[in-house]
Undergrad: 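Can you keep this structure in mind? I'll have questions shortly.
Note on naming: letters A, B, ... go to the chains in the order of the sequence lines (proteins, then strands), and numbering restarts at 1 for each one. The structure presented is a predicted model; accordingly, all values stated were derived computationally and were not measured.
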2 protein chains.
Amino acid sequence: MKSRQFIQSLEKGLMILKVFSGSRASLSVTDIAGSCGMNMATAHRYLFTLKELGYLEQEAATRRYRLTPKVLKIGVAALNTMDLKNRLLPHMLETTKTFDVTTQCAILDDTDVVVLDRVRSREVVNWDIGVGSRLPVYCTAMGKAILAFLEDEAQTGLLQRIRFERHTRHTLGTPEELQADLARIRDSGYVFSDQELTMGLRSIAAPVFRNGRVEGAFGISYAVNRANEAGLESALVKQVLQIAAKVSF
Amino acid sequence: MKSRQFIQSLEKGLMILKVFSGSRASLSVTDIAGSCGMNMATAHRYLFTLKELGYLEQEAATRRYRLTPKVLKIGVAALNTMDLKNRLLPHMLETTKTFDVTTQCAILDDTDVVVLDRVRSREVVNWDIGVGSRLPVYCTAMGKAILAFLEDEAQTGLLQRIRFERHTRHTLGTPEELQADLARIRDSGYVFSDQELTMGLRSIAAPVFRNGRVEGAFGISYAVNRANEAGLESALVKQVLQIAAKVSF
DNA sequence: AATGTAATTTCGCAATGCGAAATCATGAGG
DNA sequence: CCTCATGATTTCGCATTGCGAAATTACATT
């Protein structure tokens, strides 16, 4: 039983918006009613309301609904209130320029890291994640950087909720492997991740602190074949640590 | 009087989320109640619900609420369903690499253009807008590119809603000036915008069509001083038009 | 036309959310 | 340490809102 304070109509409305995130672009009343377990009349009322408010639009022909750019407004506000991004951005630009690597910053949300911003290297990679995308903590450099320095209770809770999935042959598969890795990371202060999420891609990351607590992470990614360049990776590690230290407090 | 179908609780909940977008990062119950014109008990119920659902978190000390990264999930889904972005991205990467300019794509939302994605040039500019940010239609190259090719009724309606504000000495100040500019744009097929929004910054943009209707725009920006480089700007115009044509259908 | 499928609206009833007021923190003075 | 003040949270009875079954409408197919 929910608290007396809980407003169910709001939950339903947001549930509908969320369904759009998971599924395809355009959905019909029936689709929504089905996937939310609502009566069709109910689903229709909510869709109608969201349309009125401008968060959804309806194709005239098919009567199907799709998200409008207005929904972005809400999320982007959240992004901009994260000053981690603002503190890091100049360093990201500079690092990308100097080493021609992709730099990014991210924060934790449950068992995912959320990419706040990224500066792309000039080399076009087949792989491209965007601002706001989510990646699993346990197989990303930034994820592990944050995880390693999380408060104990938060960390153990989180570790239990992780559902391990093998993305490449380098992906860690068990909590134990991850624990061991985290211990190593705590020692060295940074993460070196070799193709744990995507084949062909390496990353280096370090945590950023705010008042002594992990706030997020700074990371860089580059193609494996660049490992040949003499001294590159050690320079990158140095760079990552230096920047993470500079913006931490 | 609203339709019988309209669900007020959802409106209130979303209104609260929206207030966070406009104002500062963290808000108290009283703040919300004030700016939404709600009873404090009501505001509290909604904040409580949003917290339960994970869209807000509450600082233990101050009892104030702030947005969580979870709200991003909703908006980002909208971004990813826009295949305009996916179609353009490879060309953006290539263009940025070739000319070392910042490339971007955007769509229209009411009187703003919303930046879907951008690839930064290597030159670090003091100015930096991010994914999801909104810029006024009437003083951006991409905005005018879209506006110029909008259906008549949509265009006239929109023109009336624009509130002109002078950002630089090049900013257009009246509907008439804008109209004249749009006519010129329709002739040439592209927009050349010189420091209309930000001093020191030039942009070139062209509309992208989908089934013959404007879907969004592709644009590039660069520092004014690069206008010296012989042939650069005409090459850029050619590039913009070529790419816009390629991804249109 | 007849049939089927999906969207929309109606309507009476019950649950939900409302606001005034009470209660519970927390902090600032005295 | 107590009091007052301020803000957050909860209670509670009542009116409103939102619910679902069913009716209606809108289209596409046969």
Undergrad: Measure the distance from CZ on B/Arg4 to P on D/dT16 and round it to the nearest whole Å.
TA: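 Going from CZ in B/Arg4 over to P in D/dT16 covers 12 Å.
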Undergrad: Among the candidates C/dG17, C/dG19, D/dG18, find the nucleotide nearest to the side-chain atoms of B/Thr42.
TA: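 Of the options given, the side chain of B/Thr42 lies nearest C/dG19.
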Undergrad: Check whether B/Tyr55 forms a cation-pi arrangement with B/Lys70 (NZ or CZ under 6.0 Å from the six-membered ring centre, at most 45° off the ring normal).
TA: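 Output yes; distance and angle both within limits.
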Undergrad: On DNA chain C, compare the nucleotides closest to A/His44 and B/Met38; which residue's is nearer the 5' end?
TA: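 Its nearest nucleotide lies further toward 5', so the answer is A/His44.
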Undergrad: Rounded to whole angstrom units, what separation is found between the CG atom of B/Asp31 and the C1' atom of D/dG7?
TA: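 Taking atom C1' of D/dG7 as the reference, CG of B/Asp31 is at 11 Å.
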Undergrad: For A/Glu52 and A/Thr49, which I'm curious about, is there any donor-acceptor pair between the side chains at under 3.5 Å?
TA: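 A/Glu52 vs A/Thr49: no donor-acceptor pair found between side chains.
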Undergrad: Is the distance from OP1 or OP2 of D/dG7 to the nearest side-chain N or O of B/Ser28 less than 4.0 Å?
TA: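 False: B/Ser28 side-chain N/O out of range (4.0 Å or more) of D/dG7 OP1/OP2.
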Undergrad: Under 3.5 Å, is there a donor-acceptor pair between the B/Ser26 and B/Arg64 side chains?
TA: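 Yes - a donor-acceptor pair under 3.5 Å links their side chains.
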Undergrad: Under 4.0 Å between a side-chain N or O of A/Tyr65 and OP1 or OP2 of C/dA7?
TA: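 For C/dA7, neither OP1 nor OP2 has a side-chain N or O of A/Tyr65 closer than 4.0 Å.
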Undergrad: Of the nucleotides C/dC18, D/dT9, D/dA21, which one has an atom closest to the side chain of B/Val29?
TA: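 Nearest to the side chain of B/Val29 among the choices is D/dT9.
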Undergrad: Measure from CD on B/Glu11 to P on D/dT17 and round the result to the nearest Å.
TA: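 Interatomic distance, CD of B/Glu11 to P of D/dT17: 12 Å.
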Undergrad: In whole Å, I'd like the distance from the CD atom of B/Gln58 to the P atom of D/dG7.
TA: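 Between P of D/dG7 and CD of B/Gln58: 16 Å.
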Undergrad: Check the distance between D/dT16's P and B/Phe6's CZ and give it to me in whole angstrom.
TA: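 To the nearest whole Å, that distance equals 18 Å.
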Undergrad: Would you say D/dA8 has OP1 or OP2 under 4.0 Å from some side-chain N or O of A/Gln5?
TA: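 Checking A/Gln5 against D/dA8: no side-chain N or O falls below 4.0 Å of OP1 or OP2.
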Undergrad: Establish, with yes or no, whether the OP1 or OP2 oxygen of D/dT9 is under 4.0 angstrom from a side-chain nitrogen or oxygen of B/Arg63.
TA: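 Checking B/Arg63 against D/dT9: at least one side-chain N or O falls below 4.0 Å of OP1 or OP2.
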Undergrad: Strictly below 4.0 Å: does A/Lys12 bring a side-chain N or O up to OP1 or OP2 of D/dG18?
TA: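 So the side-chain polar atoms of A/Lys12 never come under 4.0 Å of the phosphate oxygens OP1 or OP2 of D/dG18.
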Undergrad: When the nearest nucleotide of DNA chain C is assigned to A/Lys51 and to A/Ile7 on a heavy-atom basis, which residue is associated with the more 5' position?
TA: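 Final value for this comparison: A/Lys51.
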Undergrad: Between B/Thr62 and B/Arg45, which residue's closest nucleotide on DNA chain D lies nearer the 5′ terminus?
TA: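 The residue whose closest nucleotide sits nearer the 5' end is B/Thr62.
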Undergrad: Quick check on C/dG17: is either OP1 or OP2 less than 4.0 Å from any side-chain nitrogen or oxygen of A/Ser9?
TA: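 For A/Ser9, the contact criterion (side-chain N or O under 4.0 Å from OP1 or OP2 of C/dG17) is met.
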Undergrad: In whole Å, I'd like the distance from the OH atom of A/Tyr46 to the P atom of C/dA7.
TA: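 It works out to 19 Å between those atoms.
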Undergrad: Evaluate the side-chain proximity of B/Leu17 to B/Leu67: yes if any heavy-atom separation is below 4.5 Å, no if none is.
TA: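 In short, these two side chains touch, coming nearer than 4.5 Å.
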Undergrad: Test ring pair (Phe, Tyr, Trp, His ring centres under 6.0 Å) on A/Phe209 and A/Phe249; report intermediate values, then the result.
TA: CA-CA 6 Å; A/Phe209 297 88; A/Phe249 64 95; over 10 Å; no
Undergrad: Using atom CG of A/Leu56 as one end and atom P of C/dA7 as the other, report the distance to the nearest whole Å.
TA: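 Nearest whole value for this atom pair: 14 Å.
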Undergrad: To check you understand the geometry: which heavy-atom pair defines the closest contact between A/Tyr138 and A/His167, and what is its length?
TA: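 Nearest heavy atoms, A/Tyr138 then A/His167: OH-CE1, 3.4 Å.
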Undergrad: Using the side-chain heavy atoms of A/Ala41, tell me which of these nucleotides is nearest: C/dG19, C/dT8, D/dA21.
TA: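 Looking only at heavy atoms from C-beta outward on A/Ala41, the closest nucleotide is D/dA21.
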Undergrad: Rounding to an integer number of Å, can you tell me how far A/Leu10 CG sits from D/dT17 C1'?
TA: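 Atom-to-atom, A/Leu10 to D/dT17, this comes out as 15 Å.
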Undergrad: Of the options D/dA21, C/dA20, C/dT8, whose atoms approach the side-chain atoms of A/Asn39 most closely?
TA: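 Selected nucleotide: D/dA21.
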